[in-house]
Amino acid sequence: MISSTLSKMIASDASDNKVREFIEGNSFPLVQDNHVTFVYIGDAEHVDLRHWIYGLPANLPLTRLGHTKLWFRTVEFPTGSRIEYKFGVTRAGHNEWVHDPLNPNIAHDPFGGNSVVHSSGYVVPEWSFQKNTTRAGHLVSIAVPSQAFGDERTIRVYVPARFREYRRYRLLLVHDGDDYLRFSSLNHVLDNLIERLEIPPLIVAMTNPTNRLREYADDARHATHLVEEVLPLLESKFPLIAEASGRCLMGASFGAVASLSTAWRYPGLFGSLLLQSGSFAFTD
């Protein structure tokens with residue numbers, strides 16, 4: 001299902017002027033119910049839609065409209081979907097990934113971000129916003145001397161609202177913590193989920209690597225740093241549950257590898273893992 005205007009252009013072998021009018025008269029991508037039509041304008045030998053959606057080929061080729069510079073592809077998504085994507089554009093035999101030039105909406109991440117579009121029915125989760133009515137936790141920075149790495153690291157610790165010294169709290173250790181704060185507003189998400197009683201109040205320690213590609217690649221020093229340096233320091237400063245059931249490691253992409261590696265090197269120490277790879281999240 002594509003727009004009636006685009007259908008007529010396809011049927012009539014549209015001119016460049018018609019394409020220009022079409023672009024100036026619409027916002028892109030075109031969304032009609034749960035069908036999204038992606039449009040790219042420019043000189044190219046080939047254009048792909050590149051996305052991270054389970055169940056669809058990673059690269060979906062766009063079709064060129066006659067002899068014009070307009071390329072298009074309509075995809076059906078479930079109602080309420082949020083889609084991040086780029087275009088893979090091939091010129092003179094060289095392929096590059098680009099944001100959608102016609103779409104100003106960018107979801108930023110540590111690697112630069114992706115264009116983003118919502119199908120009909122999508123609603124931004126209310127728990128992702130900072131709210132004046134939600135009791136907020138606070139962040140504290142703690143220096144951690146590291147013999148494992150021969151330096152000093154700084155971790156940021158989320159302390160929930162209404163923190164009490166006499167309680168015992170679960171601990172969530174987060175890899176790439178500053179990225180979660182910057183791009184996902186993790187502290188506000190925690191505030192909201194705790195306020196809504198969807199998760200219990202917990203202590204969240206956010207760690208950051210110095211050399212991510214090396215330290216997260218099943219580096220024994222990284223596991224030693226977390227377990228023998230970070231964890232004892234946190235247990236000395238906060239009333240934590242001193243059992244595996246009260247400890248969870250979290251990471252995305254290479255951070256998931258580091259989480260799994262640490263849990264494997266110290267079996268039985270962590271009762272659960274929260275691992276994200278691409279579009280998937282796994283818990284145990």
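Computation of the quantities below employed the complete heavy-atom set of this structure, encompassing side-chain atoms and omitting hydrogens, waters and symmetry-equivalent molecules.
The ring of F72 has its center no closer than 6.0 angstrom to the ring center of F38.
With hydrogens and angles ignored, the 3.5 Å screen pairs a side-chain donor or acceptor of N208 with a backbone N or O of D178. With S119 contributing its side chain and G80 its backbone, the two residues share a donor-acceptor pair below 3.5 Å. A donor-acceptor contact shorter than 3.5 Å is absent between the side chain of H35 and the backbone of V75. Put simply, the side chain of T224 gets close to the backbone of A220: a donor and an acceptor are under 3.5 Å apart. Looking only at distances, no side-chain donor or acceptor of R20 sits under 3.5 Å from a matching main-chain atom of E24. Between the side chain of K86 and the main chain of G113, a donor-acceptor pair closer than 3.5 Å is present.
Look at R212 and D176 and you find a salt bridge, because one of the NZ, NE, NH1 or NH2 atoms lies within 4.0 Å of a carboxylate O, short of that distance.
Side-chain contact between P61 and H46: present, with at least one pair of heavy atoms (C-beta onward) separated by less than 4.5 Å. Y40 is not listed as a side-chain neighbour of R64, based on a closest heavy-atom distance of 4.5 Å or more. Considering only heavy atoms from C-beta on, L275 stays 4.5 Å or farther from L249 through its side chain. Side-chain contact between W71 and V39 is absent, with no heavy atoms from C-beta onward closer than 4.5 Å. No side-chain heavy atom of E126 sits less than 4.5 Å from a side-chain heavy atom of N192.
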Next item on the list: Kindly indicate, with the supporting measurements, whether the criterion salt bridge (Lys or Arg N to Asp or Glu O under 4.0 Å) is fulfilled by E84 and R82.
Entry: CA-CA 7 Å; E84 291 192 20; R82 177 184 181 277; 2.8 Å; yes
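For the residue pair H188 / S128, no side-chain donor-acceptor distance below 3.5 Å is found, with atom types taken as modelled. N103 and Y85 share a donor-acceptor pair across their side chains, judged by distance under 3.5 Å alone. Using modelled atom types and a 3.5 Å distance limit, the side chains of N187 and Y180 yield no donor-acceptor pair. Between the side chains of T90 and N95, at least one donor N or O lies within less than 3.5 Å of an accepting N or O.
With sequence neighbours excluded, the residues that form a side-chain contact (heavy atoms from CB on, under 4.5 Å) with T210 are D151, R153, E215. Here R214 pairs with nothing under the side chain to side chain donor-acceptor pair (under 3.5 Å) rule; sequence neighbours left out. Legend: residues meeting side-chain contact (heavy atoms from CB on, under 4.5 Å) with R162, ordered by chain and number and at least two apart, are R135, R164. In this structure, the side-chain contact (heavy atoms from CB on, under 4.5 Å) partners of I106, at least two apart in sequence or on a different chain, are H99, H108, S115.
A ring pair (Phe, Tyr, Trp, His ring centres under 6.0 Å) check over residues 225-265, counting only residues at least two apart or in different chains, returns the pairs F149-H225.
Considering CG of L172 and CG of L186, their distance stands at 7.5 Å, rounded to 0.5 Å.
Summarising the hydrophobic clusters (Ile, Leu, Val, Met, Phe, Trp, Tyr; side-chain heavy atoms under 4.5 Å, direct or chained), the residues clustered with V116 are none.
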